[in-house]
Amino acid sequence: MRAGHASGRNGFVLVRRRLVQRLKARGIRDARVLAAFEDVPRHDLVPEALWGQAYKDTALPIGEGQTISAPGIVATMTAALGLTGGESILEVGTGSGYQAAILSRLVSRVISIERIPELAQKARVGLEALGVGNVELLLGDGTCGYPEGAPFDGIVVTAGGPDVPRPLLEQLKVGGRLVGPFGPKDGQVLVRMRRTGRARFTREELGSCLFVDLIGRNGWAV
Ligand code: SAH
């Protein structure tokens, strides 16, 4: 550990405040979302060798060929869910646990699914150390969703798939939203789906992005 940079909320306080200023400048206005980014110590969820880069707006390697998404896109996706508190949210692609930790500050319940056991285990340890109590971590193929926990107020997919997995749409509440990156492997569009009726959905495109592959039954083949 470097001098002056502790684990937990007391480390990198000013650096994190600067990150929040940058998120504001990028157009993130939701005060609760901004407070969550000020609160969650992203450095604790990346390898210590990368602490110096933990609050830059970039993705960083977390092992197993995967990355923790850049804070800017995590903020955009979180804001796009339009959370007011009390929601039940499904995340597909736990990775480092950062997006789950952000969501945990904003809603009552988060279920997050990861397909790689080593990452799921690391995220479990990391989230426990942060004292996050309302996130349930599951190991499996998130492209099938989690019917046992459905319906969800919101679903966030944090890996890039060819198209929106059908089972996830079916597990949304009417009025609920799904946000995620969909399209070719070399560049996706951030999509927001809203369920407006039992069999009715609207689709919006929020910009281009690049994520690691969503691998599974309703994603890319292994
Ligand atoms: N939300 C994460 C982003 C991690 S990158 C964070 O905040 O750090 C995306 C993650 O999705 C990777 O860990 C990858 O293993 C996982 N993933 C890919 N396909 C998946 C699937 N079908 N089900 C669950 N997780 C999946």
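Counting starts at 1 for both ligands and their atoms, in listed order. Remember, predicted model here, so these are calculated numbers, not experimental data.
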Does atom CZ (Arg9) have a neighbourhood of more than 12 heavy atoms from anything else shown, all under 6.0 Å?
no
Within the structure provided, determine whether Phe211 and Gln188 are in side-chain contact (heavy-atom separation under 4.5 Å).
yes
List, pair by pair, the atoms of ligand 1 and of the protein that are both N or O and lie under 3.5 Å apart, giving the separation rounded to 0.1 Å.
{"unit_1": "ligand 1", "atom_1": "1 (N)", "unit_2": "Glu91", "atom_2": "OE2", "d": "2.8"}
{"unit_1": "ligand 1", "atom_1": "1 (N)", "unit_2": "Gly93", "atom_2": "O", "d": "3.0"}
{"unit_1": "ligand 1", "atom_1": "1 (N)", "unit_2": "Thr158", "atom_2": "OG1", "d": "3.0"}
{"unit_1": "ligand 1", "atom_1": "7 (O)", "unit_2": "Gln99", "atom_2": "N", "d": "3.1"}
{"unit_1": "ligand 1", "atom_1": "8 (O)", "unit_2": "Ser96", "atom_2": "N", "d": "3.1"}
{"unit_1": "ligand 1", "atom_1": "8 (O)", "unit_2": "Ser96", "atom_2": "OG", "d": "2.6"}
{"unit_1": "ligand 1", "atom_1": "13 (O)", "unit_2": "Glu114", "atom_2": "OE1", "d": "2.8"}
{"unit_1": "ligand 1", "atom_1": "13 (O)", "unit_2": "Glu114", "atom_2": "OE2", "d": "3.3"}
{"unit_1": "ligand 1", "atom_1": "15 (O)", "unit_2": "Glu114", "atom_2": "OE2", "d": "2.6"}
{"unit_1": "ligand 1", "atom_1": "19 (N)", "unit_2": "Ile215", "atom_2": "N", "d": "3.0"}
{"unit_1": "ligand 1", "atom_1": "22 (N)", "unit_2": "Asp141", "atom_2": "OD1", "d": "2.9"}
{"unit_1": "ligand 1", "atom_1": "22 (N)", "unit_2": "Ile215", "atom_2": "O", "d": "2.7"}
{"unit_1": "ligand 1", "atom_1": "23 (N)", "unit_2": "Gly142", "atom_2": "N", "d": "2.8"}
{"unit_1": "ligand 1", "atom_1": "25 (N)", "unit_2": "Arg115", "atom_2": "N", "d": "3.3"}

Per salt bridge (charged side-chain N to carboxylate O under 4.0 Å, His left out), Asp153 is matched among Lys173, Arg194, Arg177 by Lys173
Identify which one of Ile102, Leu103, Thr78, Leu168 satisfies the side chain to side chain contact (heavy atoms under 4.5 Å, CB included) criterion when paired with Val156.
Leu103
Can you tell me how the ring of His43 sits relative to the ring of Phe12, calling it parallel under 30°, perpendicular over 60° and tilted otherwise?
tilted
Hey, is CZ on Arg217 packed in by over 12 heavy atoms from elsewhere, all under 6.0 Å?
no
